[in-house]
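Since the structure comes first, as structure tokens, the remarks are kept for the end.
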Amino acid sequence: MSVWVVMPSKRPPEEAEKCLSRWREMGYKIALWRDDMNFPYGVADYIEAGPYAGYAASVNALASEVLRVDESCDWLVAAGDDMLPDPNKRADQIARE
């Protein structure tokens, strides 16, 4: 079982990492939509790059790709690079509930 957070991110990598590290610590795999691929390797589990067509289009495209590449994905969470996960429950605990 895996739980992913999918989100567009325009922030500089060092700024985005402050948010992304919290999601990672809580057990989420991370999929990002960026305008370009200028992002450090390892910051996200999956990165898609291209023109930003809006929040809904970005998270839907990411969700489709995550479901295609990770057969163990049971849950997806849509968020933004200014949002943090629940600090009290890890991704696997929320998924079981």
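These numbers come from the heavy atoms of this one structure, side chains and all, not from hydrogens, waters or symmetry mates.
- For the residue pair Tyr55 and Tyr52, the shortest heavy atom distance occurs at N-OH, 2.9 Å.
- For Trp33 against Ala49, the heavy-atom pair with the smallest separation is CZ2-C, 4.5 Å.
- To the nearest 0.5 Å, atom NZ of residue Lys29 and atom OG of residue Ser72 are 5.0 Å apart.
- Val77 and Ile30 end up in the same hydrophobic cluster when Ile, Leu, Val, Met, Phe, Trp and Tyr side chains are linked at under 4.5 Å.
- Shown are Leu20, Val6, Asp81, Leu62; of these, the side-chain contact (heavy atoms from CB on, under 4.5 Å) with Leu32 is made only by Leu20.
- The distance from atom CD of Glu65 to atom CG of Asn60, rounded to the nearest 0.5 Å, is 12.5 Å.
- Here the closest heavy-atom approach between residue Trp23 and residue Ala79 is recorded as CZ2-CB, 3.7 Å.
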Stepwise side-chain contact (heavy atoms from CB on, under 4.5 Å) check, Asp45 with Val66: CA-CA 10 Å; Asp45 300 284; Val66 165; over 6 Å; no
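- Hydrophobic clustering (side-chain heavy atoms under 4.5 Å, transitive across Ile, Leu, Val, Met, Phe, Trp, Tyr) groups Val5 together with Met26.
- Minimum interatomic distance between Cys73 and Trp4 (heavy atoms only, all atoms of both residues): SG-CD1, 3.6 Å.
- Linking Ile, Leu, Val, Met, Phe, Trp and Tyr whenever their side-chain heavy atoms come within less than 4.5 Å leaves Ile94 and Leu76 in two separate clusters.
- Side-chain contact check for Arg34 versus Ser9: some heavy-atom pair is nearer than 4.5 Å.
- Between Arg11 and Lys18 there is no side-chain heavy-atom pair separated by less than 4.5 Å.
- We find that Glu15 and Lys10 are not joined by a salt bridge, their nearest charged nitrogen and carboxylate oxygen being 4.0 Å or further apart.
- Residues Ser58 and Pro8 come closest through the heavy atom pair CB-CB, 4.2 Å.
- In Glu71, the CD atom is not crowded: 12 or fewer heavy atoms of neighbouring residues, nucleotides or ligands sit closer than 6.0 Å.
- Considering CE of Met1 and CG of Asp92, their distance stands at 5.5 Å, rounded to 0.5 Å.
- A donor-acceptor distance shorter than 3.5 angstrom exists from the side chain of Arg90 to the backbone of Glu25, with no hydrogens or angles considered.
- The distance from atom NZ of Lys89 to atom CD of Glu97, rounded to the nearest 0.5 Å, is 3.5 Å.
- Distance OG/Ser64 to CZ/Arg68: 10.0 Å, rounded to 0.5 Å.
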